[in-house]
Peer 1: 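Here it is, the structure, as structure tokens.
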Amino acid sequence: MRILIYSYNYYPEPIGIAPLMTELAEGLVKRGHQVRVVTAMPNYPERQIYQEYRGKWYLNEYKNGVQIQRSYVWIRPQPNLLDRVLLDASFVVTSFVPALVGWRPDVILSTSPSLPSCVPVALLGWLRACPVILNLQDILPEAAVHVGLLKNKLLIKLFTILEKFAYHTASKISVIADGFVDNLRSKGVEADKIVQIPNWVDVNFIRPLPKENNPFRAAHNLNGKFVVLYSGNIALTQGLESVVKAASVLRHIPDIVFVIVGEANGLQRLQQECLDCGANNVLLLPFQPRKYLPQMLAAADVGLVVQKKNVVSFNMPSKIQVLLASGRALVASVPDNGTAAKAIRQSGGGVIVPPEDPQALAMAILDLYQNPEKVKTLGYKSRKYAVKHYAFEQALNQYESLCYSLTADRGAIQSTRVTKQEV
């Protein structure tokens, strides 16, 4: 089968959708399928095109059997409203060229965000007469409006139209959590159009490793410390200032160290917060190469999941699966009624505290510090749940089956048309 993945984010971007789509594409190739990816020049999370990809309009690469077709996008490190519009518009225009000139796919799988890419995807699906799977990692514009990222009424209206268009033109919509299903059903999307496939983690790559003789601990003088780790995007939806304030509450305990790993711009903001709060027990580090991710996660006693109060309930951070697979206890500062809280409760591997409440976060971490057996038990449950519910092979089976079902449906329709013509 020939599968085209249309995704703004892809390798070598280290977090978010990119690792997921990279694993999916390479996993499908290993199953014997031909896969090409239409994507942007890598730029996330720094929001700058990576040095080795600058000055190019188009670039064709191959990695682990996957053909990667990259196109230029307009990107600025601190985008204003016009920059954001130009970013989406540039990807819509530039990405369509390589998508169209490549081989004809049997199935197109498109990720959202970016929502505007539903336009070239729908056009390509029509021109190539092939089904389209819309993979929803977030629901726009609703999520962006909810956290204040999108305020312009005209743009909200435009994105709402695009959202309806994306749902209408997709053959199937794959969603990552049941909260997404409820949201789409409330907007009139047919139930048989929605397929729930949770995001995954490679449980063979991300696995429990001993803290002893851990290279990450050794490199950052963390041996003998109780390490509380946050690794990921530092943006409006996280509110990591609460983590810094929680750290300041516990700074009188020298054994507890908070480690925050993220992009440079976000770290600079948090550095000032650390100075303001007197949080001298926070270590701020840049993203680590992905091959060292298992070691970094294993260096932690506790992994953090952090969201603001105003994050929409269906938001499901992909870091949850990764932290669970690492076999570490989780502390989640997230809305109590949200999808993230539900997933962590079901795993039995973590503790939920109210979002944007540094005191509650500090007390939950202190409790785990004082109860090492509880930390061990939570970590054991985390790993067990991840292996059972979030293993990559399970998700790969589901996506492969979904692709096969759509190509079979198309074949049946074509056969029916031929039969009618013969009659």
Side-chain angles (χ1 to χ4, degrees), residues 1-10 16-18 20-25 27-28 33 35-40 88 91-92 95-96 99-100 104-144 158-200 312 314-316 318 339 395-396 398-410:
M1 191 172 7
R2 287 181 163 185
I3 302 170
L4 171 63
I5 296 179
Y6 212 112
S7 175
Y8 177 85
N9 301 102
Y10 197 74
I17 298 172
L20 291 168
M21 290 302 108
T22 303
E23 289 173 349
L24 179 60
L28 289 168
H33 303 290
V35 180
R36 67 183 172 102
V37 175
V38 172
T39 187
D88 283 330
F91 184 62
V92 166
S95 65
F96 187 66
L100 186 61
R104 178 190 172 280
D106 297 307
V107 178
I108 301 172
L109 189 148
S110 172
T111 63
S112 179
S114 146
L115 181 59
S117 64
C118 69
V119 175
V121 167
L123 180 57
L124 187 66
W126 176 72
L127 289 172
R128 297 300 197 187
C130 67
V132 172
I133 300 168
L134 175 63
N135 171 243
L136 281 186
Q137 296 288 329
D138 212 342
I139 295 180
L140 298 177
E142 194 169 336
L158 174 61
F159 271 83
T160 302
I161 293 171
L162 281 173
E163 182 189 16
K164 292 178 181 178
F165 177 79
Y167 300 159
H168 175 73
T169 55
S171 308
K172 292 285 185 179
I173 303 171
S174 67
V175 298
I176 61 175
D178 50 9
F180 284 62
V181 178
D182 298 337
N183 186 281
L184 295 187
R185 293 291 293 123
S186 71
K187 294 173 180 175
V189 179
E190 303 91 339
D192 61 0
K193 201 173 196 177
I194 306 169
V195 181
Q196 186 176 333
I197 306 176
N199 279 344
W200 58 88
V312 288
F314 52 73
N315 185 274
M316 178 68 173
S318 58
T339 300
L396 185 58
Q398 290 176 285
Y399 275 106
E400 188 179 36
S401 296
L402 179 57
C403 290
Y404 273 130
S405 69
L406 289 172
T407 54
D409 290 344
R410 188 183 68 184

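What you see is a predicted model, and the numbers here were worked out from it, not measured in a lab.
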Peer 1: Working to the nearest 0.5 Å, report the span between OG1 of Thr407 and CG of Asp106.
Peer 2: 6.5 Å
Peer 1: What heavy-atom pair brings Ile17 and Pro113 nearest, and what distance separates the two atoms?
Peer 2: CD1-O, 3.8 Å
Peer 1: Enter the distance from Ile3:CD1 to Leu24:CG here, rounded to the nearest 0.5 Å.
Peer 2: 8.0 Å
Peer 1: At their closest point, which heavy atom of Ile133 faces which heavy atom of Cys403, and how far apart are they?
Peer 2: CD1-SG, 3.9 Å
Peer 1: Measuring only between side-chain heavy atoms, which start at C-beta, is Val195 closer than 4.5 Å to Gln398?
Peer 2: no
Peer 1: Is any side-chain heavy atom of Val107 less than 4.5 Å from a side-chain heavy atom of His33?
Peer 2: no
Peer 1: Does any N or O in the side chain of Lys172 come within less than 3.5 Å of the main-chain N or O of Asn135, such that one atom is a donor and the other an acceptor?
Peer 2: no
Peer 1: Return the minimal non-hydrogen interatomic distance between Thr22 and Tyr10, and the atom names on each side.
Peer 2: CA-CE1, 3.3 Å
Peer 1: Within the distance-only criterion (no hydrogens, no angle test), does the side chain of Arg128 pair as donor or acceptor with the backbone N or O of Arg104 below 3.5 angstrom?
Peer 2: no
Peer 1: Do Leu4 and Leu124 have side-chain heavy atoms sitting under 4.5 Å apart?
Peer 2: yes
Peer 1: So, for Pro105 and Arg36, which heavy atoms are closest and what is the spacing to 0.1 Å?
Peer 2: CD-NH2, 4.4 Å
Peer 1: Are side-chain heavy atoms of Phe91 and Ser117 found at a separation under 4.5 Å?
Peer 2: yes
Peer 1: Considering residues, nucleotides and ligands other than Lys164, do more than 12 of their heavy atoms fall under 6.0 Å from its NZ?
Peer 2: no
Peer 1: Are the side chains of Ser174 and Tyr399 in contact, using a 4.5 Å heavy-atom criterion?
Peer 2: yes
Peer 1: Within the side chain of Ser405, is there an N or O that forms a donor-acceptor pair under 3.5 Å with the backbone of Leu402?
Peer 2: yes
Peer 1: Work out which heavy atom in Phe180 is nearest to a heavy atom in Gln137; give both atom names and the distance.
Peer 2: CZ-O, 3.8 Å
Peer 1: For the residue pair Thr111 and Leu20, establish whether any side-chain heavy-atom pair is separated by less than 4.5 Å.
Peer 2: no
Peer 1: Is Ser171 reaching over with its side chain to a backbone N or O of Val132, donor-acceptor style, under 3.5 angstrom?
Peer 2: yes
Peer 1: So, do Asp138 and Asn315 sit near enough that their side-chain heavy atoms are less than 4.5 Å apart?
Peer 2: yes
Peer 1: Considering residues at least two apart in sequence or located in another chain, which fulfil the side-chain contact (heavy atoms from CB on, under 4.5 Å) criterion with Ala166?
Peer 2: Leu115, Cys118, Leu134
Peer 1: Hey, what do you get for CG (Leu123) to CH2 (Trp126), rounding to the nearest 0.5 Å?
Peer 2: 7.0 Å
Peer 1: My understanding is that only residues two or more places apart in sequence, or in another chain, count here; which of them pass side-chain contact (heavy atoms from CB on, under 4.5 Å) with Thr339?
Peer 2: Ala177, Phe314, Met316
Peer 1: Give me the atom names and distance for the closest heavy-atom approach of Asn9 to Met21.
Peer 2: O-CB, 4.2 Å
Peer 1: Quick one: list whatever passes side-chain contact (heavy atoms from CB on, under 4.5 Å) with Val189, sequence neighbours left out.
Peer 2: Tyr167, Ile173, Leu184, Lys193, Ile194
Peer 1: Do the non-hydrogen side-chain atoms of Trp200 and Leu396 ever get within less than 4.5 Å of each other?
Peer 2: no
Peer 1: Quick check for you: to the nearest 0.5 Å, what is the distance between Leu136 atom CG and Glu163 atom CD?
Peer 2: 8.0 Å
